[in-house]
Number of protein chains: 2
Amino acid sequence: MKKDISIGALSSRAGVKVPTIRYYEEIGLLPEPTRTESNRRIYDEQSVDRLCFIRHARELGFEIETIREMLALADKPQRSCARVDALARGHLKVIDSRIERLTALKHEVEGMIRSCSRGRIAECRIIEVLTHPG
Amino acid sequence: MKKDISIGALSSRAGVKVPTIRYYEEIGLLPEPTRTESNRRIYDEQSVDRLCFIRHARELGFEIETIREMLALADKPQRSCARVDALARGHLKVIDSRIERLTALKHEVEGMIRSCSRGRIAECRIIEVLTHPG
DNA sequence: CTTGCTCCTCTAGTCACTAGAGAATGTAGG
DNA sequence: CCTACATTCTCTAGTGACTAGAGGAGCAAG
């Protein structure tokens with residue numbers, strides 16, 4: 001017998017707020033769970049996994065529609081790996097470019113702090129750095 | 001004599017859509033530009049730079065309020081060095097944590113791609129990797 | 001002059017949540 | 001068993017940062 005999980009328990013175990021879970025259900029990202037006699041949602045271990053997956057994918061910056069696609073592919077994984085691979089590769093490019101530009105900005109702010117500690121801000125180049133990066 | 005730039009030209013040069021430019025003006029991120037006799041907005045080269053900066057900062061995930069502060073910080077570099085230093089250090093922390101998180105995410109995605117070497121469908125572990133990463 | 005592009009303002013819609021009201025149901029202490 | 005409080009329910013509305021569309025006016029080219 002598998003134990004029932006309330007929406008609150010699911011929330012804390014997956015690290016996703018209760019209203020967000022209901023929102024995911026509303027948009028069809030999570031299936032409608034069975035309910036108790038008194039109309040409360042009951043989940044199982046699989047729901048925790050699915051929701052954890054969604055949370056991590058969101059943290060990675062994947063959009064809901066992409067996650068929806070990945071979940072669909074995961075449900076029948078024949079021939080789906082290449083597609084997921086492509087999705088991930090596309091996102092990796094975005095992440096790399098962000099890291100690059102952030103690092104440039106970091107150096108510039110560090111430079112500002114250094115000149116500030118010497119009692120003068122000769123020239124603020126923050127805007128320049130971000131205006132025409134790379 | 002500096003040449004006038006229409007909102008459409010500014011849009012394509014900065015890579016920011018026309019309604020977004022008007023939105024930025026509305027929330028005070030861009031100053032209200034002068035207008036032609038027929039009420040059309042006219043910008044200059046400096047507007048292009050400022051807007052480019054905003055676009056890149058947004059792409060890096062900075063919130064509008066943070067960008068507003070950074071612009072202010074860049075505008076008055078001469079006085080109150082201590083305050084500028086504090087602001088800069090604060091921003092540096094944010095930038096550092098952002099780089100850190102992005103780098104972690106990058107490794108996760110790279111791990112996903114490695115686990116998902118094409119042609120070996122049985123070995124696709126992307127969903128698993130994202131469900132319980134680390 | 002007329003066709004079509006750009007611009008104006010305004011309202012409303014989008015995404016991915018987030019917050020709050022008000023009611024019912026579940027749980028723990030006394 | 002009663003009471004107090006927590007959790008859940010549905011519903012509506014708000015957020016940030018845009019985005020799209022209506023309806024109208026100006027401008028430039030053929």
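Each chain gets a letter, A, B and so on, in the order its sequence line appears, and its residues count up from 1.
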Qualifying residue, where the test is side-chain contact (heavy atoms from CB on, under 4.5 Å) with R58(A) and the options are I67(A), V16(A), T66(A), T20(A): I67(A)
Salt bridge R89(B)-E110(A), side-chain N to carboxylate O under 4.0 Å: no
Any S38(B) side-chain nitrogen or oxygen under 4.0 Å from OP1 or OP2 of dC27(D): yes
Residue whose closest nucleotide on DNA chain D lies nearer the 5' end, T36(B) versus E65(B): E65(B)
Whole angstrom value for the distance that separates P of dT15(D) from CD of E26(B): 14 Å
Integer-rounded Å distance: dA16(C) C1' and I21(A) CD1: 15 Å
Salt-bridge contact E45(B)-R50(B) (side-chain N to carboxylate O under 4.0 Å): no
Interatomic distance, R22(A) CZ vs dC9(D) P [rounded to whole Å]: 5 Å
Whether S97(A) side chain and K93(A) backbone form a donor-acceptor pair below 3.5 Å: no
Phosphate OP1/OP2 of dA17(D) contacted by Y24(B) side-chain N/O (<4.0 Å): no
Whole-Å gap separating P (dT14(C)) and OH (Y23(B)): 18 Å
Atom pair distance, as rounded to whole Å: CD in E63(B) and P in dC18(D): 11 Å
Short side-chain N/O contact to dT10(D) OP1/OP2 from R35(A), under 4.0 Å: yes
R40(A) side-chain N/O to dA24(C) phosphate OP1/OP2 under 4.0 Å: no
5' precedence on DNA chain D between I64(B) and R41(A) (nearest-nucleotide basis): R41(A)
Electrostatic pair R41(A)-E25(A), nearest N-O below 4.0 angstrom: yes
For atom CD of E25(B) and atom C1' of dC8(C), their distance in whole Å: 12 Å
For atom CG of D4(A) and atom C1' of dT7(D), their distance in whole Å: 16 Å
Touch class at under 4.0 angstrom, heavy-atom based, for I7(B) against every strand present: sugar-phosphate
Distance, rounded to the nearest Å, where E37(A) contributes CD and dT8(D) contributes P: 18 Å
Distance test, side-chain N/O of S6(A) to OP1/OP2 of dT8(D), below 4.0 Å: yes
